[in-house]
Amino acid sequence: MIRVYNTLTRNKEPFETVQPGKVGMYLCGPTVYKPSHIGHMVGPVIFDAVKRYLVYSGYKVTWVVNITDVDDKLINESNARGVQMSQLAAEMTADYMNNIQALGVDTIDHFPRCTATMPEIIEFTKQLIDRGYAYATDGDVYFDVVKSKEYGKLSHRGLEAMQGDGGGMADRKRSSADFALWKSAKPGEPSWDSPWGKGRPGWHIECSAMSRSLLGETFDIHGGGLDLMFPHHENEIAQSECCHGKPMAKYWMHNGLVQASDEVGKVGGRNTHAVEGDLSSQEAGKISKSKGSQAFSDLLKNFSPEAVRFFILSTHYRRPIDYSEDRLKEIETGMETFYRFFKRYERVVGASFYAVAEPKTRKEGDFTPGDDPLLKTVAEQRERFLESMDDDFNTGGGMAVLFDMVRTLNKFVDDEKLEEPARRDAKKLHSLTDGVKTFKEIAATMGLFRKPVEAKSAGDDALVGKLMELLIELRAESRKKKDFATADRIRNGLLEAGVILEDRPGGTDWSVKA
RNA sequence: GGCGCCGUAGCCAAGUGGCUAAGGCAGCGGAUUGCAAAUCCGCCAUCGUCGGUUCAACUCCGACCGGCGCCUCCA
């Protein structure tokens, strides 16, 4: 039984779908006016894991992520750059797509764009006016917040929290808390025809319109960053629930935000005060923000996407995550354990780890270990993993099981001395592969270890291969003759060049230093 | 001011009313190795402070201290 923390009730609730066996999931996507940073990647990675786990658990899941490609920020930025808004949006959308793809987020079913959803948005707005929840003034349309009885139920905030927009619109609105569904266009701004004249949608209405047209009036999971809870999600609820008279989403899931720790943030205790003493808290905030908003595509030049995914999933999704390069390096170090094991598996079994076919569903993965001690342990670990994931998608707890499981598998190879070809037999290799299947099964639910990571640098070059073969051969001869001075000279020399040699029963392996 | 979150080993981080408080990084000791590397084994926390509830709390309640987020655009 899966349990989900619902922001609406502030409780973990049993997961029950609107329609049996089916899940509709909506995640608020980016406004594409600048390159995405790591913060934009958290939602996609987390909900990718959520979807994978739900599919694994037997649900048919439809996942929608919207792209906001018209908005004040886009207009400003495109003016500043002197390009068409649509061009800027197209470029930044491509950047976003590249980044999430690099992270292995490939389970999103629909990416509706705001500019391609105008008829639905206009229709939705019209309905709200017809049903008495919105009103038009001078080409603008506003949502009449006082008509929404439950306004504030998600964020637990009252109407007074909704400040006026201070942009001179106050006199057009009945109440300062009212928010725009449709904004009339100023000269030169991109605009669309509507019953209220030329204009563009307000920020919140697109999500209501898109989710309705792709997922229906009530769907299962609505996700987004914690920062969107108010006012964005509150307003979505007001729009959709007033319009339909029924719940918009059963479960509201909010992920914690990335916090970039830099010099200021990292220094503890008194030094923090000393450093911050010269800065207003606002300025300090800006510093940490500027580091965190480094373009994600640049970050990927230094770190593997899989490490970033691992990093994001290593803590519980509702918690804030501290991002730093040191942290990511630490994660990469830890992940070496897995990659080394994968190579080890290949050495021992003679087949690629990545070629092993894992069970795709929970049902398929259930097995009775019999009296095989290895598989008994693996089965227990799998159970522990599933318990963690069932409990509000606790990927952090699941990670621990991943590490435990490789250790179990490594120990088996050690104990059975499977590095020595003579000690291998079909039964043992079969057990090992069964263990690997289960490892892959649980890792796959988090989208991990699905395909080989590209080699850190050159190494598969034919010439390099030949040279290494020769050096290793020479060193082997020296070792045979107990000429360790020469052998060590070769190894140390290669180490300086960034090549690590590892001696094993079956021969010597080499790899490029990470 | 309003709404909310957090405080677990040197660092990161799961989790639980009573059983050995996961895991990772770093460190230390050992097995293995010609020596290494890798791997394995072992060691390394009483859970911010104080008070309450309870047979029993790190886990529930309260106060306090400390850190943080949102309330304007933000994933």
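Each chain gets a letter, A, B and so on, in the order its sequence line appears, and its residues count up from 1.
Residue A:Gln259 places its side chain closer to B:G69 than to any other of B:G69, B:A75, B:G24. Considering only side-chain atoms of A:Leu228, the nucleotide from B:A22, B:A75, B:U39 that sits closest is B:A75. Between B:A26, B:A75, B:G23, one nucleotide has an atom nearer to the side chain of A:Thr333 than all others, and that is B:A26. Comparing B:C25, B:A75, B:U16 by their closest approach to the side chain of A:Asp391 singles out B:U16. With distances taken from any side-chain atom of A:Arg157 to the nucleotides B:A75, B:C35, B:G2, the minimum falls on B:G2. With B:A75, B:A22, B:G24 as the candidates, the nucleotide lying closest to the side chain of A:Thr31 is B:A75. The A:Arg407 side chain lies nearest to B:G24 when the options are B:G24, B:C25, B:C35.
Side-chain atoms of A:Tyr33 and A:Asp69 include no donor-acceptor pair closer than 3.5 Å.
Under a cutoff of 6.0 Å and an axis angle of 45°, A:Lys329 and A:Phe303 do not form a cation-pi pair.
On the C1' atoms, B:A26 is 15 Å away from B:A13, given to the nearest whole Å. Between the P atoms of B:A21 and B:U16, the separation comes to 15 Å (whole Å). Nucleotides B:C60 and B:C6 place their P atoms 10 Å apart, quoted to the nearest Å. Here the separation of B:C47 from B:C58, taken at their C1' atoms, is 4 Å to the nearest Å. A gap of 29 Å separates the C1' atoms of B:C65 and B:A22, to the nearest Å. Atom P of B:G29 sits at a distance of 48 Å from the matching atom of B:C64, rounded to the whole Å. Nucleotides B:G15 and B:U20 are separated by 14 Å at their C1' atoms, to the nearest Å. Of the C1' atoms belonging to B:A75 and B:A38, the separation is 40 Å, rounded to the nearest Å.
Judged by Watson-Crick or G-U wobble contacts below 3.5 Å, the nucleotide B:G42 has B:C28 as its partner. Pair check for B:U20 finds none; no Watson-Crick or G-U wobble contact set falls under 3.5 Å. As the counterpart of B:C5, B:G67 is assigned, both hydrogen-bonding distances of the Watson-Crick or G-U wobble pattern falling under 3.5 Å.
A:Arg475 comes within 4.0 angstrom of a base, heavy atoms only. Looking at heavy-atom distances under 4.0 Å, A:Asp488 makes contact with a base. At a threshold of 4.0 angstrom between heavy atoms, the contacts of A:Gly396 include nucleobase atoms, whether or not backbone atoms are also involved. In this structure, A:Leu402 reaches neither bases nor backbone, as no heavy-atom distance under 4.0 Å exists between it and the strands shown. Across all strands shown, A:Pro30 has heavy atoms under 4.0 Å from sugar-phosphate atoms exclusively, and none from any base. Residue contacts for A:Asp414: at a heavy-atom cut-off of 4.0 Å it reaches a base atom on one of the strands shown. As judged by a 4.0 angstrom heavy-atom cut-off over every strand, A:Gly223 is placed among residues making no nucleic acid contact.
Rounded to an integer number of Å, the gap from A:Asp322 CG to B:C68 C1' is 10 Å. For the pair A:His316 NE2 and B:A13 C1', the interatomic distance rounds to 13 Å; values are reported in whole Å. Remark: P of B:G24 and CZ of A:Arg327 are 13 Å apart, rounded to the nearest angstrom. Computed from coordinates, the A:Leu257 CG to B:G67 P distance equals 20 Å when rounded to whole Å. In this structure, A:Phe230 places its CZ atom 13 Å from P of B:G4, rounding to the nearest Å. Rounded to whole Å, atom C1' of B:A75 lies 13 Å from atom CG of A:Asn99. When the P atom of B:C68 is taken as reference, atom CZ of A:Arg318 falls 22 Å away, rounded to whole Å. Computed from coordinates, the A:Glu502 CD to B:G34 C1' distance equals 17 Å when rounded to whole Å.
In terms of phosphate contacts, A:His156 brings no side-chain nitrogen or oxygen within less than 4.0 Å of OP1 or OP2 of B:C3. Look at A:Trp203 and you'll find a side-chain N or O under 4.0 angstrom from OP1 or OP2 of B:C74. Between A:Thr315 and the phosphate of B:A14, there is a side-chain N or O to OP1/OP2 separation shorter than 4.0 Å. The phosphate of B:C5 (OP1 or OP2) has no side-chain N or O of A:Arg10 nearer than 4.0 angstrom. Regarding contacts with the backbone of B:A38, every side-chain N or O of A:Arg344 stays at 4.0 angstrom or more from both OP1 and OP2.
Between A:Lys183 and A:Asp72 there is a salt bridge, since a side-chain N of the basic residue sits under 4.0 Å from a carboxylate O of the acidic one. Salt-bridge check for A:Asp404 with A:Arg384: passed, with a basic side-chain N closer than 4.0 Å to an acidic carboxylate O. Contact check on A:Arg424 versus A:Glu416 returns no salt bridge, with no Lys/Arg side-chain nitrogen under 4.0 Å from an Asp/Glu carboxylate oxygen.
For A:Met229 against A:Ser155, the heavy-atom pair with the smallest separation is CE-CA, 3.8 Å.
Map A:Leu501 and A:Gly334 each onto its nearest nucleotide of RNA chain B; the residue landing nearer the 5' end is A:Gly334. Checking A:Asn255 against A:Ser388, the closest nucleotide of RNA chain B that is more toward the 5' end is the one next to A:Ser388.
Classification of the A:Phe342-A:Tyr339 ring pair by plane angle, with boundaries at 30° and 60°, yields perpendicular.
Paired with A:His222 under the rule ring pair (Phe, Tyr, Trp, His ring centres under 6.0 Å), one option of A:Trp63, A:Tyr251, A:Trp252 passes, and it is A:Trp252. Among A:Arg318, A:Arg3, A:Lys12, the single residue meeting the side chain to side chain donor-acceptor pair (under 3.5 Å) criterion with A:Asp392 is A:Arg318.
Scanning atom types as modelled, no donor and acceptor separated by under 3.5 angstrom connect the side chain of A:Arg319 and the base of B:C5. One N or O donor and one acceptor, one from the side chain of A:Asp503 and one from the base of B:C35, sit under 3.5 Å apart. Interface remark: the A:Arg491 side chain does form a donor-acceptor pair with the B:A36 base, using a distance-only criterion of under 3.5 Å. Counting atom types as modelled, A:Asn394 pairs no side-chain N or O with a base atom of B:G15 as donor and acceptor under 3.5 Å.
Stacking between A:Phe403 and the base of B:G23 is absent under the criterion of ring centres within 5.5 Å and planes under 30 degrees.
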